[in-house]
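Worth saying up front: this structure is predicted, and the values here are computed from it rather than measured. Letters go in sequence order (proteins before strands), and every chain restarts at 1.
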Amino acid sequence: METVKVKINGAEYEVAKNATILEAARSAGIHIPTLCYLKDINAIGSCRICVVEVKGAKSLVASCVYPVSEGMEIVTNSAKVQHSRRMTLELILSDHNQACLTCARNQNCELQRLSVEYGMREIRFEHDKNHEYPDIEDSAVHLVRDNNKCILCRRCVAVCKANQGVSVIGPSRRGFKTRITCAFDAELKDVPCINCGQCIAVCPTGALTEKDDTEKVWRALNDPSKHVVVGAAPSVRVQMGEFFQMPIGTNVEGKVAAALRRLSFDGVYDVDTAADLTIMEEGTEFLHRLKGDGPLPLITSCSPGWIKYCEHFYPEFLENISSCKSPQGMFGAMMKSYYAQKMGLDPKDIFVVSIMPCTAKKFEITRDGQDVDGAPGIDVSLTCRELSRMIKRAGIDFANLPDEEFDEPFGIASGAAHIFGATGGVMEAALRTVYEIVEGKPCQPIEFKEVRGTKGIKEASYQIGGQEVRVAVCSGTANAGKLLDMVKNGEKEYHFIEIMACPGGCVNGGGQPIQPSSVQNSVDIRALRAAGLYGEDDKMVLRKSHENPIVQEIYRTYLGEPGSHKAHKLLHTHYVKRDHF
Amino acid sequence: MAKKSKTDFPFEGTPEQEEKLKELIAKYTDVQGALMPVLQGAQDIYGYLPIEVQKMIADGLHIPLQTIYGVATFYSQFTLTPKGKYRIGVCLGTACYVKGSAQILEEIKKELDIDVKETTPDRLFSIEDTRCLGCCGLAPVMKINDDVYGRVVPEDVHSILEKYRLLG
């Protein structure tokens, strides 16, 4: 690595030659505050919080975009710098709705934290009365945008474009009238938003939040006529701990089960059981298609963000997507059918709640074909963040809960199901089962490590049943677009593709705990959380979906065999072409 | 969020205009920084930049519609509504302003029930952002197309506009 010598706050450092001042300072362990900066995604020098003094420069410079050079002398914390940052903060705050006490991001807000750090006590500037307060956008099922709290950092815009390739939000107008909007101020529900919620996960303030559905769940829990059940998605177990100051990636499956039980759900279940079911159905579908029954490549269908992306931007691939419902969809369908019958309950009295790392799941449950005989499979889909609020409101000391198990009859899952939460997990889970069905013997080793890791597009090829099976795994819909373009123009040919809408898969979903940019910029959150899932799989004896005794029983006593008529009616769905504008 | 504005006009683009726009886009395909010249050219062709035109540009240049909308609403040279047959400008420059041109503008807005940068539903009148017209001796000044009116008082507004209404 080529380096240059620079002086920061009087001390000499050797730093990478092509680094920005911000990167150089961080490598030297010197903190410079930021607001609009997001590593690899947004470096636009717009918020002016990261300004520093450079000897010889006419004015303060934005350290996130200013490159270092040999002999540069930098001061990051002089009176002049502090004065400038305070003025910038004061101006931002003068145009910010400071309703901190009633804000979903209270105590987890980057603007609030800076305001505390810089001792802001008084805002001398009044809000410009000439510009009306913008309306609150809550047209979509998954998200609320309050432009009165927006600081125009454009992190949401950058992530929507760079990571997701969707670009439905962006600045419009100018000056005081600048807002983040959709084209022609259309409502979010009417544009090709894929509901992924990545914008929420990078918002530094409370301008973007998930639509809170917790009241519906509290109401159901207090309704004695309802049998309220809950299921937790694979990645939830490696995310929930973060809300309670546990290290990123800690597997808290047992505490999640314990907390849900203390919230007085009538049944505390694991969506991972449904993930095993998904592998049975999708694996069967893949084998059929390999034999020529249906188009290849087969593409996974677990991620509702990806599904909507495909419907808007790549409708020519809709017939390649597996007809399987997602694990959430299968969980809901089984609760309102198999479970109702087994427990002797009227499906109408069962209220099903899912806990998801995902905002798009809120949209998924409203889709056509997700119902069971006219009733919704899932009644309410909550993000991890909403669940954390319920746990806190109920006064549950999460970190000190004992580890408990999920309930029978939907509480056993394989390691294959656990790894669904990380990019490559569904592919690996499917391959473990498909290999064994085709070869008639267990695969050795059981891991398919080529499809693991947080790289955006991964490829591998395996010999199964004397045939070469080429697979690809990709996460982040911008990567999906790239991959599908290559498939379309014949550059690449695959039999099986896993696509997750969020970079890194569900462990980095739009419903995850929000880590401030200081953390997002310095550690790979996706990798840490994924490690929690792979670590659990590693320790397990039950690591293959088809060996899950509950899944076996469901087929034996209720569904018949994978791909049966009944399985199709309950566990499969369909997709629609949507406009790309 | 999206409010139906008084100035939502049905799109009346002709095949000839579309042909011209396509030629323009083809000239700029794969050119860096193509959006500004294409938007300027498109506005020359159509007189304004309605959603139909912006969608054609989005598809042609492979630029997200929101990005185009952002640029089109950022620069005051672009307009998203068609201009009226009679384009009204009331000077808000210093001399006219102190002579009371703001009240004249208010009167026109009231009379036509539209705001600055908007067009009446019959497309007869539109009001434009206007600064000094270079005849401060006549302040306050207003202009309708090329006709200049000096020393206007609010009471004159109705009769001036009526003249154009009768012309149709």
Side-chain angles (χ1 to χ4, degrees), chain A residues 44 130 132-140 143-148 150 152 154 156-162 164-194 199 309 312-313 477-478 481-482 485 579-581, chain B residues 1-11 13 21 25 30 34-36 38-39 42-43 46 48-82 92 97 102 105-106 109 115-119 129:
Chain A
I44 56 174
N130 290 324
E132 58 187 283
Y133 281 107
D135 300 328
I136 286 174
E137 150 71 277
D138 60 355
S139 67
L143 174 150
V144 179
R145 182 173 63 225
D146 182 351
N147 277 355
N148 298 304
C150 174
L152 298 170
R154 291 154 167 79
C156 56
V157 178
V159 86
C160 188
K161 181 180 183 182
Q164 304 307 87
V166 171
S167 283
V168 286
I169 48 169
S172 63
R173 300 175 186 78
R174 68 193 293 173
F176 262 127
K177 291 190 169 137
T178 311
R179 312 242 189 289
I180 302 303
T181 70
C182 301
F184 288 83
D185 299 350
E187 295 192 321
L188 200 59
K189 72 172 166 44
D190 296 328
V191 299
C193 170
I194 62 167
C199 53
Y309 178 83
H312 284 295
F313 300 108
T477 39
K482 277 182 218 155
D485 283 340
D579 192 3
H580 70 297
F581 285 126
Chain B
M1 182 122 187
K3 289 182 202 94
K4 266 274 180 205
S5 126
K6 276 186 284 250
T7 47
D8 278 341
F9 296 93
F11 181 56
L21 178 62
I25 291 170
D30 301 325
L35 186 54
M36 280 303 279
V38 169
L39 283 177
Q43 184 157 293
Y46 288 92
Y48 71 120
L49 296 171
I51 190 167
E52 292 81 3
V53 171
Q54 292 194 32
K55 280 181 176 176
M56 285 191 260
I57 297 171
D59 279 341
L61 296 179
H62 305 292
I63 295 175
L65 183 64
Q66 204 296 325
T67 308
I68 296 174
Y69 178 73
V71 172
T73 54
F74 182 85
Y75 293 102
S76 54
Q77 62 176 292
F78 297 123
T79 173
L80 271 58
T81 47
L92 293 176
Y97 193 83
L105 179 60
E106 277 314 305
K109 279 160 62 174
D115 212 334
V116 177
K117 287 186 162 184
E118 289 186 346
T119 303
D129 252 346

Crowding at CZ, B:Phe78 (>12 non-hydrogen neighbours, <6.0 Å): yes
Taking side chain as C-beta onward, heavy atoms only, is A:His580 less than 4.5 Å from B:Asp59? yes
Does the side chain of A:Thr178 come within less than 4.5 Å of B:Phe74's, by heavy atoms? no
If you take all heavy atoms of A:Ser172 and B:Gln66, which pair is closest and at what distance? CB-NE2, 4.4 Å
Would you give the length of the straight line joining atom CG of B:Leu80 to atom CG of A:Asp185, rounded to the nearest 0.5 angstrom? 9.5 Å
Using non-hydrogen atoms and a 4.5 Å limit, figure out which bit of A:Leu188 sits close to chain B: side chain, backbone, both or neither. neither
When the 4.5 angstrom heavy-atom criterion is applied to A:Ser139 and chain B, the contacting part is neither
Report the distance from atom CZ of A:Phe184 to atom CG of B:Leu65, rounding to the nearest 0.5 Å. 6.0 Å
Portion of B:Leu49 that has a non-hydrogen atom of chain A nearer than 4.5 angstrom: backbone
Smallest separation among heavy atoms of A:Arg174 and B:Ser76, with atom names: NH1-N, 4.1 Å
With a 6.0 Å cut-off (strictly less than), is the heavy-atom count around CG of B:Asp30, excluding the residue itself, greater than 12? no
Considering only heavy atoms from C-beta outward, does the side chain of B:Tyr69 approach that of A:Arg173 to under 4.5 Å? yes
